[in-house]
Amino acid sequence: MSKIVCLVSLLFLVIFNACSVKLATVKDKSNDEIMASYSVKKDVSYGVDKEQQLDIYLSNDAKKLKQKNFTVVFLHGGGYYISDKSKEERYIQPYLKKGINVVNINFRLKRGIPLATEDLTSVLNFLKANNATYHLNLEKIILTGFSAGAHIASIVGASVNNPSYPNKLGKGIGIACVINFSGPVDGLDVVENVFINNKTPIMKDIGNALFVGEGYVNKDTATKYNPITYFDKNDPPFFVWHGAKDDQVPASTFVKFDNLLKEDLKKNKVIFLPDGLHSPSTAELKDAYKEIFIFLDKI
């Protein structure tokens, strides 16, 4: 009987591997192919505020990706103060080339981290409530972003299994992983000081607006919005990219979080560039996405 069980198991693995899709080897679509294979819903409102809008890129080929039929939810940077979903499309383009569904969101600006973070939960619950229209795979969501957006993604990704976090996700929403480009994971007080003590007026404005009405952030507030606060071994896999020469989110604020991720490198991935700045160069971003698709193929 044991030999039969082994043969059946082996046959299952052979069939599974034959049917599985590896994103790292999926041929990239050209711009013309992207245009032909996607329908795009622009400026969809997910809340009553005019800034609560998102774009949905629906792929005709998503189901062909089988177990890699993820839904990417991307959040832009800008210090919770400036920028919008149209400014950093270079971060979603690699997913579009693979035929993956993408949701690119705006969140409320100049009103502090707490409201901006709440908006991501609102987006996910909105997508679930309206999925009869969009037909997204919401059980395998990739939360990702750059800078402020990556911070928001990391908070929600790490807190999803933590009962102390106030913004709850509805049933049927599954976070497959978090992909963070230069987003704060710890030391929000340090990040705030970097901005407030900057000589550039816009940087000072960003620093003063991270926590509206708080002045310098207090310890309890900083703890509540540091993703490391919620991190545990049951969290979804994390992919973190950051640079040693980041002048906005110091590399020192990543050390503890990186070490936690490195305890399980079969699950998590850390890319730390000794010469990396806050924003990856074109070449650095291209290299990062090669690693990202290898990372996703293990999920």
Side-chain angles (χ1 to χ4, degrees), residues 23 46 52 54-57 62 68-78 80 85 88-89 91-92 94-96 98 100-108 113-128 131 134 136-162 165-186 225-232 234-242 249 257 260-261 267-271 288-289 291-293 295-296 298-299:
L23 291 173
Y46 65 87
Q52 291 177 307
L54 53 82
D55 298 338
I56 307 178
Y57 296 76
K68 300 305 176 188
N69 178 19
F70 296 106
T71 297
V72 171
V73 177
F74 178 81
L75 300 93
H76 66 80
Y80 325 88
K85 56 185 168 60
E88 289 164 350
E89 292 189 345
Y91 288 97
I92 68 170
Y95 299 112
L96 300 180
K98 300 293 185 183
I100 300 172
N101 290 319
V102 174
V103 180
N104 189 15
I105 81 169
N106 277 348
F107 47 88
R108 287 172 288 182
I113 289 173
L115 277 186
T117 304
E118 182 182 305
D119 280 348
L120 176 53
T121 305
S122 296
V123 164
L124 298 177
N125 288 333
F126 168 85
L127 293 174
K128 179 63 178 177
N131 208 29
Y134 304 120
L136 300 167
N137 184 1
L138 298 179
E139 295 181 355
K140 299 188 79 169
I141 295 172
I142 297 170
L143 294 182
T144 180
F146 166 65
S147 194
H151 174 220
I152 295 169
S154 297
I155 293 173
V156 174
S159 67
V160 69
N161 62 349
N162 193 307
Y165 189 69
N167 302 325
K168 305 301 182 185
L169 294 179
K171 293 182 179 179
I173 298 174
I175 309 303
C177 67
V178 177
I179 298 175
N180 176 321
F181 282 95
S182 303
V185 290
D186 192 9
Y225 289 96
N226 280 328
I228 197 170
T229 299
Y230 305 100
F231 185 84
D232 62 61
N234 296 316
D235 286 340
F238 267 77
F239 181 108
V240 172
W241 184 101
H242 66 109
V249 184
F257 197 79
L260 289 172
L261 297 184
K267 175 182 177 181
N268 305 303
K269 178 73 175 181
V270 175
I271 294 182
Y289 273 95
E291 295 294 335
I292 284 171
F293 290 122
F295 168 77
L296 292 176
K298 296 190 297 182
I299 295 174

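One is the number of the first residue; the rest follow in order along the sequence.
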query = H76 and F107: aromatic ring centres closer than 6.0 Å?
reply = yes
Interatomic distance, L96 atom CG to E89 atom CD [nearest 0.5 angstrom] = 8.5 Å
ask   = Got N101 and N69 here, is their nearest side-chain heavy-atom distance under 4.5 Å?
value = yes
task = Measure the spacing between NZ of K267 and CG of L261 and express it to the nearest 0.5 Å.
result = 9.0 Å
task = Determine whether the aromatic ring centres of Y95 and Y289 lie less than 6.0 Å apart.
result = yes
task = Any chance you could measure K168, atom NZ, to N162, atom CG, to the nearest 0.5 Å?
result = 7.0 Å
message = For the backbone of N167 and the side chain of E118, can you confirm whether one donor and one acceptor N or O come within less than 3.5 Å of each other?
response = no
message = Is it the case that the side chain of K269 and the backbone of F295 share a donor-acceptor pair, with hydrogens and angles ignored and the cut-off at 3.5 Å?
response = no
query = Between atom OG of S154 and atom CD1 of I228, what is the distance when rounded to the nearest 0.5 Å?
reply = 11.5 Å
ask   = Quick check: are there more than 12 heavy atoms from other residues, nucleotides or ligands sitting under 6.0 Å from NZ of K298?
value = yes
ask   = If you measure from NZ on K128 to CG on L138, what distance do you get to the nearest 0.5 Å?
value = 6.0 Å
inquiry  = Quick check against the 3.5 Å criterion: does N131 have a side-chain atom that pairs as donor or acceptor with the backbone of L136?
reply    = yes
ask   = Would a distance-only check, ignoring hydrogens and angles, find a side-chain to backbone donor-acceptor pair under 3.5 Å from N104 to D55?
value = no
request  = Using atom types as modelled and distance alone, determine if a side-chain donor or acceptor of D232 lies under 3.5 Å from a backbone N or O of N234.
outcome  = yes
request  = Verify, without hydrogens or angle tests, whether S182 (side chain) and F146 (backbone) share a donor-acceptor contact under 3.5 angstrom.
outcome  = no
